[in-house]
Structures are given as structure tokens and as C-alpha cells.
Number of protein chains: 2
Amino acid sequence: MITIKDVARMSGVSISTVSRVINDSKPVSPEVRKKVLEVIEETGYRPNEVARSLVTRRSYLIGVIVNDLSNSYIAEMVKGIEEVGRMYNYDILLCGSYYDREAQMNHLSLLNRKQAEGIILIGYHFDDDLIEAVKKNTKHSMYFTRDIKNDTIDYISINSFLASAEMTKYLIGEGHTKIAFLSDFGESSTHELDKINGYKEMLKENNIDFSKVYVAEGRRYNDGYAMATEVIKDLGNITAVFCANDELAIGLINHLFDEGYKVPDDISVVGYGDYKESQHVRPTLTTISEPFYDVGAVTVRTLIKKIEGDKNAVSKIELPYSFMERNSVKTLN
Amino acid sequence: MITIKDVARMSGVSISTVSRVINDSKPVSPEVRKKVLEVIEETGYRPNEVARSLVTRRSYLIGVIVNDLSNSYIAEMVKGIEEVGRMYNYDILLCGSYYDREAQMNHLSLLNRKQAEGIILIGYHFDDDLIEAVKKNTKHSMYFTRDIKNDTIDYISINSFLASAEMTKYLIGEGHTKIAFLSDFGESSTHELDKINGYKEMLKENNIDFSKVYVAEGRRYNDGYAMATEVIKDLGNITAVFCANDELAIGLINHLFDEGYKVPDDISVVGYGDYKESQHVRPTLTTISEPFYDVGAVTVRTLIKKIEGDKNAVSKIELPYSFMERNSVKTLN
DNA sequence: GGTTTTTATGATAACGATAAAAGATGTTGC
DNA sequence: GCAACATCTTTTATCGTTATCATAAAAACC
């Protein structure tokens with residue numbers, strides 16, 4: 001390993017001078033600069049960032065704790081984080097925690113020891129003590145999405161209450177009055193609760209008495225697939241199912257298909273999130289588009305602003321959603 | 001920030017003693033140990049890994065350079081890398097390069113400066129000079145998958161020639177003789193070339209004269225979608241299309257569907273890779289299962305072995321594939 | 001032309017930890 | 001009782017940088 005010392009020796013100057021050339025921090029005479037750069041070029045010298053970090057007290061490291069990278073929307077967010085983070089010269093240390101609290105705690109501690117300058121938590125169900133630990137140990141942090149009990153933390157999200165209400169309104173507009181909602185974890189997070197509330201509120205506003213909330217075991221494809229048996233039982237009573245996320249919806253639609261029912265002819269199904277997959281299934285899925293890439297991008301940008309001392313960095317942001325009409329809803333009127 | 005110095009002062013011992021307690025590296029008397037641990041507990045002291053790295057010359061950092069994280073199979077591999085890497089106490093620094101050579105070079109340089117102990121490249125089309133740069137600057141590296149011109153580098157892959165031949169054999173067994181192959185980048189990488197060769201070889205073995213290779217613009221959904229127009233033109237002449245990857249296949253199937261053609265009734269389509277999506281579409285896709293999670297896991301495990309000095313670490317591994325029969329092929333005999 | 005100011009460079013002390021050598025204390029053996 | 005040894009602890013050097021301070025040389029001033 002070649003160090004700054006070697007470069008100094010080989011160019012016949014002191015290490016301070018080499019450091020100056022590298023960082024452009026103080027004036028250096030043209031001849032000396034040229035010589036030093038030549039030696040650097042020749043030797044392929046690269047400054048050791050570990051040593052640099054130690055003395056500058058900057059790591060340019062952002063830790064991302066994420067439950068499951070195999071979720072397509074999470075991958076999309078991470079992509080946004082990585083890409084924008086890198087634009088600002090920050091590196092992304094990825095930590096997969098797979099819904100395990102102990103793993104999350106370990107990652108937090110690790111990121112701390114590694115001198116990470118900020119932490120992004122992606123997921124829904126963070127325990128209070130995890131959040132306390134983050135607040136206590138980390139200078140800067142951001143969350144996606146906000147959690148039910150902690151409104152003091154900084155987050156980027158979208159207004160799921162409004163989005164959900166708009167989707168419900170659309171279904172009503174298409175002539176549906178018997179609309180069920182398929183929730184993932186029920187009312188355990190603000191985000192999910194908002195969706196249910198938006199749905200119920202819009203029904204109320206339209207003087208529709210009927211409402212029904214299914215609660216799936218989880219939020220993945222299989223959980224939606226499993227719920228189809230319930231939905232099939234109720235086929236006479238409902239004409240549409242509003243699913244809390246696209247994966248649930250696709251699982252549901254597929255199981256209905258496998259049992260011989262057609263969407264949207266036999267029943268309409270809509271999703272939420274606009275995961276990449278929702279354009280790749282047939283029928284294409286009518287859904288709410290959450291801009292996951294942008295969420296990641298804005299999250300990391302805000303975090304970097306905070307790291308760099310911007311006191312005015314707005315840190316509770318709701319990004320706009322959009323409504324994506326596709327082919328999974330039947331018009332009844 | 002509380003340092004080892006503070007802990008030493010507060011426990012009334014030298015910093016070396018504190019270091020020993022932390023690392024269990026040399027004997028420390030029970031009373032002293034207890035006292036030090038108390039102080040650590042009280043103060044919430046966490047050793048600074050940056051400083052530690054500098055002196056131990058270990059970073060426990062593995063860099064992953066990946067073209068596009070929004071590919072579901074890549075996300076799955078990264079998951080395997082992250083999870084197994086962490087098992088062995090290594091951290092994963094994620095670098096997205098989006099098919100940009102300059103970005104790849106920058107990442108390489110960055111990982112070097114950060115003292116990464118190993119690098120994993122995930123993708124297909126790495127330039128020779130990138131690979132040269134990796135070989136020159138990095139002690140240890142692994143690739144997925146192997147590249148056409150560089151057989152000196154270490155990789156984990158699957159035997160795509162055999163896999164492709166097996167799939168072709170299956171189609172022939174189902175009575176197909178007019179089988180087309182939809183390639184992604186043509187013959188630009190060993191991996192892709194092997195597939196084409198496996199397909200052609202099996203046709204030859206069965207004395208089938210007909211062969212036809214479409215070359216798509218890229219390897220994503222849209223590229224498959226676009227190719228449907230070509231396929232439709234040939235509908236009288238071919239009965240099956242073997243796609244180089246699942247995303248291409250799904251795009252193709254969907255466009256066929258959108259134009260009123262049914263798979264597998266009007267034409268059979270098979271894929272390659274067993275991406276998560278292939279179970280979530282209807283019809284479900286018959287395909288070759290590449291164990292992406294395992295590929296990631298084995299890749300990182302092998303890399304760690306090399307880092308830790310295991311001279312015998314086998315570094316050109318082909319993992320077993322498996323054949324997944326689903327519902328996208330029509331039996332003709 | 002001597003003093004002051006500017007500009008370029010070098011020497012040295014950090015940063016927060018580990019590791020090797022040296023020192024202090026206590027224990028054992030004969 | 002003193003040498004020899006084991007056990008624990010401190011001292012000191014080091015990792016590869018940057019930052020501060022000091023110094024030498026050159027430029028500017030009147």
C-alpha cells in the first residue's frame with residue numbers, strides 16, 4: 001500500500017504539501033503541484049478515506065435499515081436513496097433487518113460505531129425503543145413512513161388518507177356501493193389506519209352504509225392470495241375490493257383467477273402503491289401511485305440537508321400521489 | 001462524543017486496559033473489568049470503528065457494484081449478499097452504476113479509498129478496462145456472471161448452456177418443432193451466448209432444421225413487449241418462443257394478450273431465470289430457475305473466504321439450476 | 001534598501017483506537 | 001530471603017491523514 005508519505009518522499013516535498021495538492025486547500029506553486037500530481041499518477045496513489053475520516057470527523061456514510069429488499073417498492077426507494085445520496089458524495093451502507101428487532105438494534109449500533117452521519121429507516125412497524133435508540137444515538141435520521149405513536153420523528157410520506165378517499169370516490173363513481181377494504185396489518189400503523197379512514201370517510205360522505213374490512217396476515221403476495229377464499233364467500237355481497245397495496249391485490253386477483261373468477265367482470269379489484277408489477281399483470285391494476293423513487297430521493301436529500309446543518313430543512317413532507325386508472329375495475333352504471 | 005480516553009479516565013485505568021476489556025485480547029482482573037464495563041454501560045460508549053480500522057487495517061467492507069437495483073433478480077442477489085455478508089460481520093456498501101462505465105470506475109476508486117476488502121460486480125457487460133482496473137486495484141473480487149472475454153476472473157454462475165438445452169428439450173418433448181429464441185443482447189456475453197448455443201445444440205441433436213433468433217433491444221419488460229410485433233408476424237411459422245429471461249417473456253406475453261392472442265393456446269412462451277414475477281402472472285410462466293439468492297450468498301461467502309486467506313476457496317462455481325414447469329406451454333402431441 | 005506583508009513550504013500535533021514493549025506487583029520455589 | 005516467574009497494567013509507537021503553527025522566501029511598500 002502506497003501512502004501519502006511515499007508520495008511526499010518520491011516528489012521531494014513534505015506530506016503537508018501533498019495533502020494540499022490533493023485537497024486544493026492551500027496555494028501550492030505550479031511546479032510542485034505538477035510534480036506531485038505526476039507521482040500520484042505514476043504510483044496510482046489513492047488517499048485512505050479511513051484515515052481522512054478519522055481526522056476530519058466526517059464519514060459521508062448514510063445507513064439504510066430496511067426490512068426486506070425483495071419488496072419491489074423498497075428496492076425502488078433504495079435506488080432513489082442511493083442515486084441521490086451519491087450525487088452529494090455520500091455512501092450508502094445497506095442493512096437488511098427482516099422484521100427482526102434485535103437485528104435492527106444491532107444495525108443501529110453498527111452504524112453508530114461506523115460513524116454514520118445519518119440513518120434512514122424504511123418500514124412500518126418500528127418499536128418505540130428502536131425509535132428512541134435512533135433518536136438518542138444518531139444525530140440525524142429520517143423515516144418512511146410515519147408511525148402511529150411517534151409524531152415527533154421526521155418522515156417523508158404521502159397523504160394516504162386523501163389518496164384512499166380518492167380511490168374510494170372513484171369506485172363509487174363507477175357505480176360501486178358494496179366496496180370492501182383489504183387491509184394488511186389492520187390498524188397498527190398510521191399509514192394503514194389513514195387508508196382505512198379515508199375509505200370509510202368517503203363512504204360516509206356518500207351516504208353508503210355498507211363497509212367491510214378484511215385483515216390479511218401480512219402485506220405480501222401470498223397474504224393476498226390467501227384472502228381470496230374470504231372474498232369468494234362474499235361474492236354476492238360485494239362488487240369491489242380495495243386492497244391496501246398492489247401485491248395484496250395481485251395475489252387476490254390471481255387466486256380469484258385460479259378459482260375461475262374473472263377480474264373485473266366478476267369483481268373489481270384495485271390496489272395501492274403502483275408497484276412496478278401492477279403494469280405487468282393482466283388485467284393491469286388500477287391503483288394509487290406512490291412515487292417511491294422520489295420518496296427515497298427526497299428522504300436522502302432532506303437528511304443530507306440536516307447533516308450539513310440546514311436548520312430549515314423541512315423534515316415532515318408529504319409527496320403528491322397520483323391516481324392510475326387501468327383495467328381492473330368494471331363500470332356498473 | 002465519548003472516546004476510549006474518557007472511559008479510561010472515568011474508570012481510573014489506562015486506555016490499553018479499556019481496549020483489552022473491549023476486545024478480550026489480554027487478561028484483565030475481574031474488578032477492573034467490572035468497573036470498566038460499568039463505565040461503558042453508563043456512558044453508552046461505542047468504539048469508533050474508523051479509528052479501529054485504521055490501526056487494524058481491516059475495514060470489513062465489501063463493495064457491491066450493481067447496474068440496476070430495480071431488477072427483481074438483482075435485488076434478490078443483493079439480499080443474499082447482504083444477509084450472508086452480515087453473518088460473517090462484513091458490511092455491504094451499495095453502488096448503483098446504471099450501465100454507466102464512468103460511474104463504475106468512480107465506484108471502484110471510491111471503494112478502494114474506503115479500503116473495501118473485496119468487490120462484487122453484478123451484471124453482464126463489463127468493459128475490459130473496468131475488469132482490468134478491478135484486478136489491479138482490488139485484492140479480492142467476484143463477478144456475476146462470467147464474461148465472454150475474461151475467463152481469468154472469479155465468478156459464480158449457473159451452467160446456462162445445459163439449462164437452455166434442457167428447456168429446449170422440454171419444448172421438443174411437448175411436440176414443438178418450430179421454436180424461436182428471443183435473446184436480449186444477442187451474443188455479447190458468454191452467458192447469453194451459452195443460452196443460444198444450448199438451444200441450437202438441442203435442436204440439432206433432435207434433427208430439427210428450423211431455428212430463429214430474435215434479438216431484443218435490451219433485457220427488460222419493455223423490450224419483450226416491443227418484440228411482440230415481430231413474433232405476431234411469424235405466428236404461422238412458430239409455435240413456441242424461448243425467452244432469454246422472464247421479464248422479456250412477461251412483456252412478450254402481455255403484448256400478445258393485448259393484441260388478442262392467448263398464451264399458451266395461440267403460442268407457447270417460456271422464460272429463463274424464475275424471477276419472482278413469473279409466479280405472479282397468468283398464465284404462470286414455465287422457466288429455468290436460477291437460484292439468485294444462493295448465487296448472492298455463495299458469491300459473498302467465497303469472497304470472504306478469499307479475504308480471510310483461504311487459498312483453496314473455489315472461485316469458479318456453477319450452481320445447479322432447476323426446471324420449473326408451469327402453465328405457459330401447450331402440449332402439441 | 002530595510003521593514004512589512006504575502007506566499008509557499010515544512011514540522012508537529014492531533015484524530016481514536018490497537019499492539020508491542022516495558023514496568024509494577026504478587027506469587028512461587030528452593 | 002531472594003531469584004524467577006506469572007499476572008496485570010501502563011507507556012509508547014503507530015496507523016494515514018488533516019490542521020495548526022512556525023518559518024523561509026519572495027513581493028510590496030514608502
Side-chain angles (χ1 to χ4, degrees), chain A residues 1-37 39-40 43-61 89 91 109-117 137, chain B residues 1-37 39-40 43-61 89 109-117 137 139:
Chain A
M1 258 298 293
I2 167 139
T3 73
I4 197 173
K5 219 167 160 177
D6 303 314
V7 175
R9 189 174 33 76
M10 294 170 76
S11 8
V13 296
S14 71
I15 53 175
S16 322
T17 302
V18 177
S19 174
R20 276 173 201 135
V21 171
I22 297 167
N23 299 303
D24 243 340
S25 47
K26 289 262 173 82
V28 173
S29 72
E31 315 89 67
V32 171
R33 152 168 280 114
K34 181 158 167 286
K35 176 69 189 162
V36 170
L37 288 175
V39 173
I40 289 177
T43 55
Y45 164 74
R46 299 258 176 282
N48 181 331
E49 292 293 336
V50 173
R52 192 182 272 191
S53 265
L54 184 60
V55 54
T56 59
R57 293 142 176 287
R58 299 276 337 241
S59 66
Y60 289 93
L61 201 62
N89 273 316
D91 299 310
S109 158
L110 171 90
L111 289 169
N112 232 267
R113 297 199 308 270
K114 285 250 175 192
Q115 313 301 110
E117 303 192 34
N137 295 310
Chain B
M1 257 299 293
I2 168 139
T3 73
I4 198 172
K5 218 166 160 180
D6 303 315
V7 175
R9 190 174 31 75
M10 293 171 75
S11 5
V13 296
S14 71
I15 53 175
S16 330
T17 304
V18 177
S19 174
R20 276 179 201 135
V21 172
I22 298 167
N23 298 304
D24 244 340
S25 47
K26 287 266 171 80
V28 173
S29 71
E31 314 90 67
V32 172
R33 153 167 280 116
K34 182 158 167 284
K35 177 67 190 163
V36 170
L37 288 175
V39 172
I40 289 177
T43 54
Y45 164 72
R46 300 257 177 283
N48 181 331
E49 292 292 336
V50 173
R52 208 199 288 242
S53 264
L54 184 60
V55 56
T56 60
R57 293 140 174 289
R58 300 281 329 250
S59 67
Y60 288 95
L61 202 62
N89 273 315
S109 157
L110 172 89
L111 289 170
N112 231 266
R113 297 199 309 271
K114 285 250 175 194
Q115 312 300 112
E117 303 191 33
N137 295 310
K139 273 228 183 80

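What's counted below: heavy atoms across the whole structure, side chains too, no hydrogens, waters or symmetry copies. Keep in mind it's a predicted model, so treat the numbers as computed, not measured.
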Query raised in the report: Checking B/N137 side chain against B/N112 main chain: does a donor-acceptor pair fall under 3.5 Å?
Result: no
Requested in this report: Using a strict cut-off of less than 4.0 Å between a Lys/Arg side-chain nitrogen and an Asp/Glu carboxylate oxygen, indicate whether B/R52 and B/E49 qualify as a salt bridge.
Outcome: yes
Query raised in the report: Between A/S11 (side chain) and A/V39 (backbone), is there a donor-acceptor pair under 3.5 Å?
Result: no
Report task. Output the distance between atom OG1 (B/T3) and atom CZ (B/R9), rounded to the nearest 0.5 Å. Result -> 8.0 Å
Query - A/V50 vs A/S53 side-chain heavy atoms within contact, under 4.5 Å - result: no
**Report entry** Positional range of nucleotides in DNA chain C within the contact set of chain B, heavy-atom, under 4.0 Å
**Finding:** C/dG16 to C/dA21
Query raised in the report: Given B/E117 and B/K139, is the salt bridge (charged side-chain N to carboxylate O under 4.0 Å, His left out) satisfied, shown in steps?
Result: CA-CA 7 Å; B/E117 303 191 33; B/K139 273 228 183 80; over 6 Å; no
Requested in this report: Could you encode protein contacts along nucleotides 13-23 of chain D as a string, one character per nucleotide from 5' to 3', using B for base contact, S for sugar-phosphate-only contact and - for no contact, with a heavy-atom cut-off of under 4.0 Å?
Outcome: --BBBBBB---
**Report entry** side chain to side chain donor-acceptor pair (under 3.5 Å) against A/S19, all qualifying residues, sequence neighbours excluded
**Finding:** A/N23
Query - Contacts of B/Y45 that satisfy ring-ring contact (aromatic ring centres under 6.0 Å, His included) - sequence neighbours left out - result: none
Query - Partners meeting salt bridge (Lys or Arg N to Asp or Glu O under 4.0 Å) with B/R20 (sequence neighbours left out) - result: none
Requested in this report: Starting from the first five and the last five pairs of the helix from C/dG1-D/dC30 to C/dC30-D/dG1, work out the angle between the resulting helix axes, to 10 degrees.
Outcome: 50°
Query raised in the report: Where do B/S14 and B/A8 come nearest, in terms of heavy atoms and distance?
Result: C-CB, 3.7 Å
